[in-house]
Protein chains: 2
Amino acid sequence: MARWQPEAPGRLAAAALDLFEENGYENTTVIEIAERAGLTKSTFFRHFPDKREVLFGRATVHGLLVDGIASAPSAAGPLDAVAKALDALGQTYFTADRREFSSRRQAVLNSHTELRERDALKRIGLIASVTEALHRRGVPSPTAHVAAKLGMLVWEIAFDQWIDTDNGEDFGPLARQALADVRAAAAVR
Amino acid sequence: MARWQPEAPGRLAAAALDLFEENGYENTTVIEIAERAGLTKSTFFRHFPDKREVLFGRATVHGLLVDGIASAPSAAGPLDAVAKALDALGQTYFTADRREFSSRRQAVLNSHTELRERDALKRIGLIASVTEALHRRGVPSPTAHVAAKLGMLVWEIAFDQWIDTDNGEDFGPLARQALADVRAAAAVR
């Protein structure tokens, strides 16, 4: 029996990204991804249900966001709790060494319908989880749901700027600026 | 030569929606849509480039939004200008007699990847047009872009409630309430 390899998901994702860029998503098989990563097909399926999932090992992001919201100071309003969580994400996940991979990954997602669809579904799942995390802080609906959607908007604005590799800014400050822009746009009369 | 038929796009969309519901999007041909509408294939192609476009005759929505923003009082802030445009949309387009069609249409879009993709692209196009319309009012970036994205968020919240046929409320008031919710969520500290 092969042992559980904690670094396998990252290696499989990196190999998949290379192959999707080189040959296209449709023309790449799970066996090729496993081989490029120096792993077996059964190791692949121990970590991902199918080819479509290999670039979405984001349970981490999900958990970081939900934990970040739960651990925000109790006095923080809903959107500030989301901002704290985005900050934590910038410090532990969207770090400078991940920028190039994230940028290439997003380009591949954007150019393949099937992957873009999966990405959109993951974002909807994130909004639902953030809404629930806010409910657990006692934030009622519709505020919790609207704040979650605003948080995703802030994320998208900041993420698009962060993966622009000419930019060089860190995710945390970009997210804070995006939140300030959203607040300003909402407040203007 | 067949004459230009102003009511043809609506008849084709209604026929297509019926057939997509009955037989699925993939199993429906352009010829079948035209026949069900009592029109010819060539009339179909005079109005739509392909099957995928038949439910997206929304040049109207696009124009109503852009015109609504342009004609908002000059003292109105960017998001208030967008709100005025959504109000106009509710009065002239998302009217009660269109609710059932819109609801069925959205259900078909949501259940077909290809159509959901097209819907997402149309929304991105709308955000770009709203951003430009705000630029023409002298609203600088990033405020214009952020206000356009917030406007789309308000639209989505209101639209989802409006097509819920149990609800019975008009689009305009729902959009105003959604905007108030977004403003409140953004303002809370």
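Lettering follows sequence order; numbering is per chain, from 1.
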Out of A:L153, A:L79, A:T143, which one racks up the most heavy-atom pairs below 4.5 Å with chain B?
-> A:L153
Report, as yes or no, whether the 6.0 Å neighbourhood of atom CD on B:E100 holds more than 12 heavy atoms from other residues, nucleotides or ligands.
-> no
Lys/Arg N to Asp/Glu carboxylate O, A:E35 vs A:K41, below 4.0 Å = no
Please state whether the side chain, the backbone, both or neither of B:E114 comes within less than 4.5 Å of a heavy atom of chain A.
-> neither
Residue pair A:L55 / A:F20, side-chain heavy-atom distance below 4.5 Å = yes
Considering only heavy atoms, which portion of B:D181 lies under 4.5 Å from any heavy atom of chain A: side chain, backbone, both, or neither?
-> both
Close side-chain approach of B:F94 to B:W155, heavy-atom, < 4.5 Å | yes
